[in-house]
A.B. asks: 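Please see the structure below; I have some questions.
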Amino acid sequence: MFLTAASSVNYKSSSLLKYNKAADDGERSLLETSTGASVDPNHPTPVFVYVLAFFSALGGFLFGYDTGVVSGAMLLLKKEMNLNALWQELLVSSTVGAAAVSALGGGFLNGWLGRRVCILMASFIFSVGGFILSFAPDKVVLLVGRITVGLGIGITSMTVPVYIAEVSPPQLRGQLVTINSLFITGGQFIASVVDGAFSYLSHDSWRYMLGLSVLPATLQFVGFFFLPESPRWLLQKGRDQEAREVLCQIRGDWDVDEEYDTIKTSIEEEKKEAGQGGLVILRILCHAPTRRALVVGCGLQMFQQLSGINTVMYYSATILQMAGIQDDKQAIWLTAATSATNFVFTVVGVWLVERVGRRKLTLGSLLGTGLSLTLLAVGFLLSAQNSPAVTLHPANSLNSSCSLYGSCESCILDPNCGFCYRENSTEVFDSSCVPVNLVSTDHAAWGRCLNQTEVGGGLMWAYNYCPTSYSWIVLIGLILYLAFFAPGMGPMPWTVNSEIYPLWARSTGNAASAGVNWIFNVLVSLTFLHMAEVLSYYGAFFLYTGLVFLALLFVFGCLPETQGLQLEDIEQLFSDQLFSCESSFPSNSRHVHYTRVNGTTYVPSDNDASDVE
Ligand SMILES: O[C@H]1[C@H](O)[C@@H](O)[C@H](O)[C@@H](O)[C@H]1O
């Protein structure tokens with residue numbers, strides 16, 4: 001039984017669709033793609049597809065591991081190599097900057113050499129980077145290693161989701177691509193555990209931390225020697241026979257003729273529609289549906305970073321210190337608990353993505369993220385308003401500006417100062433604001449909090465945070481933030497981007513949007529501390545809250561549901577103007593049946609009968 005499309009649906013594209021929605025009559029019918037290719041959602045998926053997804057997602061693991069491990073390694077490196085703030089900043093940001101460059105360049109490589117070669121290349125680069133890092137004799141070589149690893153991360157971040165999307169059957173695609181994000185957060189979690197474990201070894205343990213990534217990189221490299229290229233890329237390059245063989249391999253005993261024909265027809269139609277010559281990015285911008293897809297893809301990636309995930313993750317150690325965890329080792333392990341929370345809730349995303357769809361998952365995630373950020377900001381606001389006063393103003397030999405501050409809040413917002421104090425169960429007393437030691441922020445440059453042994457003797461040293469009795473609000477805000485962000489806004493930008501571009505635009509579209517992700521990643525991390533100096537922590541978190549609510553409007557107005565559709569059909573969802581198309585997004589609660597009426601422009605009518613074939 002079929003219902004008609006809503007009257008607002010108006011597909012104008014030449015490749016057209018007869019559009020019917022399956023009745024909600026319990027009949028779990030076949031999903032029918034645009035050429036009538038049938039995909040039975042109940043048909044078992046060959047194990048080989050999972051093997052492909054696993055080896056590809058090792059790229060996600062390396063992305064997560066290499067971005068996550070550096071914070072723990074830096075604690076040791078800065079002491080061993082005597083790194084000043086500029087070098088520390090360089091070693092952290094160079095990786096993210098290099099990832100931005102190589103993600104942008106990766107689009108060209110992807111289209112030219114194929115997904116498989118790019119993944120092989122990235123795992124090779126990761127291994128080389130890992131070796132350079134673990135044998136680095138000085139900080140310059142370390143920098144070269146960090147840049148090398150960044151180049152690998154950029155290529156991986158844009159290639160792996162595309163590869164997985166192109167080999168997956170439609171009804172599992174969301175889940176399998178989201179597994180890559182699970183591996184990213186898994187990599188970050190393992191990195192924090194490794195950081196914790198190796199922090200007990202003193203000399204050179206950073207070499208193991210940074211070098212360990214060679215293992216998964218080599219595993220991926222060896223694995224991909226035996227794994228096939230994406231059938232879609234092969235067909236695009238005219239390697240039809242190889243493409244058919246790969247399709248047979250990844251679809252097991254399914255009949256692959258229909259899927260093969262769908263991809264082939266769609267490649268031919270794409271060529272007619274979007275032309276062939278010229279720069280792909282210009283063709284994307286000149287062709288309305290792909291331009292809209294690009295706006296949605298880049299917008300999602302931008303808003304992912306503007307939601308402040310990396311600030312919250314990075315800042316979690318401080319949040320935990322505010323909550324009264326003073327011991328360094330304990331703080332390291334609790335930071336591991338933060339990344340574990342991020343990881344565990346990404347599992348929820350993998351579970352939900354094919355149940356509720358990308359759109360609802362992203363909207364729900366943004367709403368929860370926005371509310372949790374509000375809670376975080378309120379927690380910081382209350383802490384700031386009740387910030388302990390500075391009661392002692394010791395005359396200092398270094399003539400620093402720290403002694404001018406009247407409260408802990410203003411003292412700790414100056415990166416050169418820290419708060420030295422005593423406390424009993426009810427109040428903070430004997431407090432002073434003094435310069436921080438330039439080599440280690442663990443203690444003051446002079447005075448009572450000069451060295452750690454003294455800090456242990458009843459005196460407390462707070463760098464970056466203030467003692468507060470409102471820390472529990474911030475802690476709850478942090479946990480809720482991760483619980484809402486991780487299933488939706490974490491993975492969905494990657495998942496959606498792997499699906500929304502037609503084949504000819506897919507490499508370039510993903511390169512551009514991944515580039516946007518990395519560029520905003522650098523921007524947000526470089527601006528956070530300056531922003532906090534001007535707006536305070538609560539101001540910075542209120543700003544992120546505002547950006548998340550903007551993101552909510554953006555997603556509500558622009559993101560169509562791609563669940564269950566074959567990749568070749570998704571471009572149709574962008575035939576209408578953004579912000580006007582919400583009503584024409586097929587609801588994922590119903591199955592969508594498409595019938596391609598080749599060469600005819602089809603506009604569904606309001607009349608049930610006329611829309612049924
Ligand atoms: O999707 C990932 C994930 O959410 C990570 O936790 C975050 O560090 C990355 O920046 C993001 O792209």
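Just so you know, ligand 1 is whichever comes first in the structure, and atom 1 is the first atom listed for that ligand. Hydrogens, waters and symmetry mates play no part in the numbers below; they use all other heavy atoms, side chains included.
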A.B. asks: Between Arg146 and Thr95, is any side-chain donor less than 3.5 angstrom from a side-chain acceptor?
C.D. replies: yes
A.B. asks: Are Met531 and Tyr544 side-chain neighbours, meaning at least one heavy-atom pair lies under 4.5 Å?
C.D. replies: yes
A.B. asks: Tell me the closest heavy-atom pair linking Met492 and Pro487, and the distance in Å.
C.D. replies: CE-O, 4.3 Å
A.B. asks: Every pair of nitrogen or oxygen atoms between ligand 1 and the protein that is under 3.5 angstrom apart - can you list them with their distances to 0.1 Å?
C.D. replies:
unit_1: ligand 1; atom_1: 1 (O); unit_2: Gln304; atom_2: NE2; d: 3.0
unit_1: ligand 1; atom_1: 1 (O); unit_2: Gly490; atom_2: O; d: 2.9
unit_1: ligand 1; atom_1: 1 (O); unit_2: Trp494; atom_2: NE1; d: 3.1
unit_1: ligand 1; atom_1: 6 (O); unit_2: Gln188; atom_2: OE1; d: 2.8
unit_1: ligand 1; atom_1: 6 (O); unit_2: Asn342; atom_2: ND2; d: 3.1
unit_1: ligand 1; atom_1: 8 (O); unit_2: Gln188; atom_2: NE2; d: 2.8
unit_1: ligand 1; atom_1: 8 (O); unit_2: Asn310; atom_2: OD1; d: 2.6
unit_1: ligand 1; atom_1: 10 (O); unit_2: Gln305; atom_2: NE2; d: 3.0
unit_1: ligand 1; atom_1: 10 (O); unit_2: Asn310; atom_2: ND2; d: 3.0
unit_1: ligand 1; atom_1: 12 (O); unit_2: Gln304; atom_2: OE1; d: 2.9
unit_1: ligand 1; atom_1: 12 (O); unit_2: Trp494; atom_2: NE1; d: 3.2

A.B. asks: Please find the pair of heavy atoms, one from Ser307 and one from Leu373, that lie closest to each other, and give the distance.
C.D. replies: O-CD1, 3.8 Å
A.B. asks: Taking the side chain as every heavy atom from C-beta outward, state whether Ile479 and Phe345 have any atom pair closer than 4.5 Å.
C.D. replies: no
A.B. asks: State whether the side chain of Thr185 and the backbone N or O of Leu182 hold a donor-acceptor pair below 3.5 Å, judged by distance alone.
C.D. replies: yes
